[in-house]
Amino acid sequence: MREPLIQKDATVTDQEAKWVDFLQWALPRLELRWPGFRKVRRQVIRRIARRMAELQMDDLDAYRRHLETHAEEWPRLDSFCRITISRFYRDRRVFDILARDGLPELIRFCRTRGERRICSWSAGCGAGEEAYTLTLIWALQIAPQVPDIAFELTATDADPDQIARARRGCYPPSSFKELPPPWRDLAFTENQGRYCIKPEYRGPVSWAAQDLRKTLPDGPFDLILCRNLAFTYFSIALQRDILHGLDARLSTGGLLVIGAHESLPEMPPEWNPWRPELPIYRKGR
């Protein structure tokens with residue numbers, strides 16, 4: 001079922017009205033949805049404006065006609081709609097509760113299965129801040145208590161440039177405003193005003209350039225983080241498809257974490273809120 005047409009936001013100026021009209025026309029054709037882009041629209045607009053300048057186009061009508069006659073332009077427009085906002089320990093309540101309760105619970109399930117490995121997945125990992133946050137939590141808080149359990153993390157993002165940045169693992173000071181201050185000094189080395197994560201905290205992560213809408217890693221995973229991506233920007237129909245894929249890859253007893261302001265389009269069978277006050281769901285158990 002198609003989503004209803006979204007009326008213009010009251011905060012949109014007359015100057016932006018044509019841009020909003022264009023986005024409300026284009027986003028559904030990419031299986032994206034306007035409500036997710038309302039607050040971040042200016043980032044997308046700047047990218048499209050640069051592209052229009054490259055094409056020597058003066059107005060959006062010309063760019064719309066270009067899209068209608070050049071199918072190869074749609075993937076480029078799609079790339080302009082990737083929102084890259086991230087930092088270490090973003091939404092610290094989520095990471096605090098994972099460290100205190102979530103990971104220890106997953107370790108108990110792991111041992112019940114006779115296994116010695118926790119597998120996790122960071123979907124839409126951006127430049128790697130979320131993935132490295134998990135490896136730091138494991139190394140600094142969990143591993144000393146459970147030296148017999150290994151931790152593995154698959155991190156995927158649709159943007160190869162973001163994956164390349166994640167592999168480099170070097171970040172500006174602004175990325176660390178929520179990370180516990182001693183951790184930056186302990187786990188990073190400073191290099192010309194940027195902080196690069198030390199090799200011993202890189203090992204658990206496997207990076208892959210994958211578009212969540214097309215390819216998902218095999219799994220199964222005990223912990224999946226799919227935050228501020230699918231359930232914000234994707235169409236409702238696509239959200240349901242992604243959710244079914246996540247369900248198929250989440251192990252029994254496993255946890256799914258979504259964004260603080262997101263909600264699931266439906267609740268899969270056997271799923272329940274794990275912490276009602278937080279956007280974390282558990283499959284079974």
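Only a predicted model underlies this, so the values are computations on that prediction, with no experimental measurement involved.
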Any non-hydrogen side-chain atom of [X] less than 4.5 Å from a side-chain atom of [Y]?
X    : Y    : result
R240 : I236 : yes
L278 : D91  : no
D185 : W183 : no
I83  : L229 : no
V257 : Y281 : no
R92  : P180 : yes
L186 : L136 : no
P28  : W34  : no

[atom1]-[atom2] distance between [X] and [Y], expressed to the nearest 0.5 angstrom:
X    : Y    : atom1 : atom2 : value
I118 : R111 : CD1   : CZ    : 9.0 Å
L225 : L153 : CG    : CG    : 8.0 Å
I258 : T232 : CD1   : OG1   : 8.5 Å
I224 : C119 : CD1   : SG    : 11.0 Å
L32  : R82  : CG    : CZ    : 10.5 Å
R117 : I107 : CZ    : CD1   : 14.5 Å

Counting distance only, does the side-chain N/O of [X] pair as donor-acceptor with the main-chain N or O of [Y] below 3.5 Å?
X    : Y    : answer
Y201 : F188 : no
Q145 : Q141 : yes
R202 : R167 : yes
R168 : I163 : no
S175 : Y171 : no
H66  : A62  : no
R249 : G245 : yes
K283 : D222 : no
R41  : R38  : yes
T215 : D211 : no

Quiz item: Between F234, Y233, W19, which is the residue that forms a ring pair (Phe, Tyr, Trp, His ring centres under 6.0 Å) with F37?
Solution: Y233
Check this for me: does any side-chain nitrogen of one of [X] and [Y] sit under 4.0 Å from a carboxylate oxygen of the other?
X    : Y    : answer
R213 : D78  : yes
R165 : D157 : no
E262 : R227 : no
D61  : K18  : no

For [X] versus [Y], what's the shortest heavy-atom pair and its separation?
X    : Y    : result
A260 : N228 : N-OD1, 4.4 Å
A209 : P160 : CB-CA, 4.3 Å
L106 : G253 : CD2-O, 3.6 Å
C170 : R194 : O-NH2, 3.1 Å
A155 : A131 : CB-CB, 4.1 Å

Atom [atom1] of [X]: over 12 foreign heavy atoms under 6.0 Å:
X    : atom1 : answer
Q56  : CD    : no
K177 : NZ    : no
D59  : CG    : yes

Quiz item: What pairs with Y195 under ring pair (Phe, Tyr, Trp, His ring centres under 6.0 Å), at least two apart in sequence or on another chain?
Solution: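 Partners of Y195 by the ring pair (Phe, Tyr, Trp, His ring centres under 6.0 Å) criterion, ordered by chain and then number, come out as F176.
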Quiz item: Under the ring pair (Phe, Tyr, Trp, His ring centres under 6.0 Å) test, which residues partner W74, sequence neighbours left out?
Solution: W25
Quiz prompt | Intermediate values then yes/no, side chain to side chain contact (heavy atoms under 4.5 Å, CB included), E129 and Y89 | solution = CA-CA 8 Å; E129 294 95 329; Y89 232 89; over 6 Å; no
Quiz item: Is there a side chain to side chain contact (heavy atoms under 4.5 Å, CB included) between I149 and E115 once you walk through the steps?
Solution: CA-CA 8 Å; I149 302 293; E115 298 175 357; over 6 Å; no
Quiz item: Between W121 and F221, how do the two ring planes meet: parallel, tilted or perpendicular, split at 30° and 60°?
Solution: tilted
Practice problem: Given side-chain hydrogen bond (donor to acceptor under 3.5 Å, both in side chains), test H244 with Q239 step by step and report yes or no. | Solution: CA-CA 9 Å; H244 294 160; Q239 287 184 29; over 6 Å; no
Quiz item: Yes or no on side chain to side chain contact (heavy atoms under 4.5 Å, CB included) for I48 and F22, after CA distance, side-chain angles and deciding distance?
Solution: CA-CA 11 Å; I48 298 173; F22 172 79; 3.9 Å; yes
Practice problem: Decide salt bridge (charged side-chain N to carboxylate O under 4.0 Å, His left out) for E68 and R65; before the verdict, give the C-alpha distance in whole Å, the side-chain angles of both, and the deciding distance to 0.1 Å. | Solution: CA-CA 5 Å; E68 290 173 333; R65 290 192 296 271; over 6 Å; no
Exercise. Apply side-chain hydrogen bond (donor to acceptor under 3.5 Å, both in side chains) to Y63 and E73, showing your working.
Key: CA-CA 10 Å; Y63 187 56; E73 185 67 22; 2.9 Å; yes
Exercise. Determine, stepwise, if the pair F80 / R51 fulfils side chain to side chain contact (heavy atoms under 4.5 Å, CB included).
Key: CA-CA 9 Å; F80 300 153; R51 176 59 176 163; 3.6 Å; yes
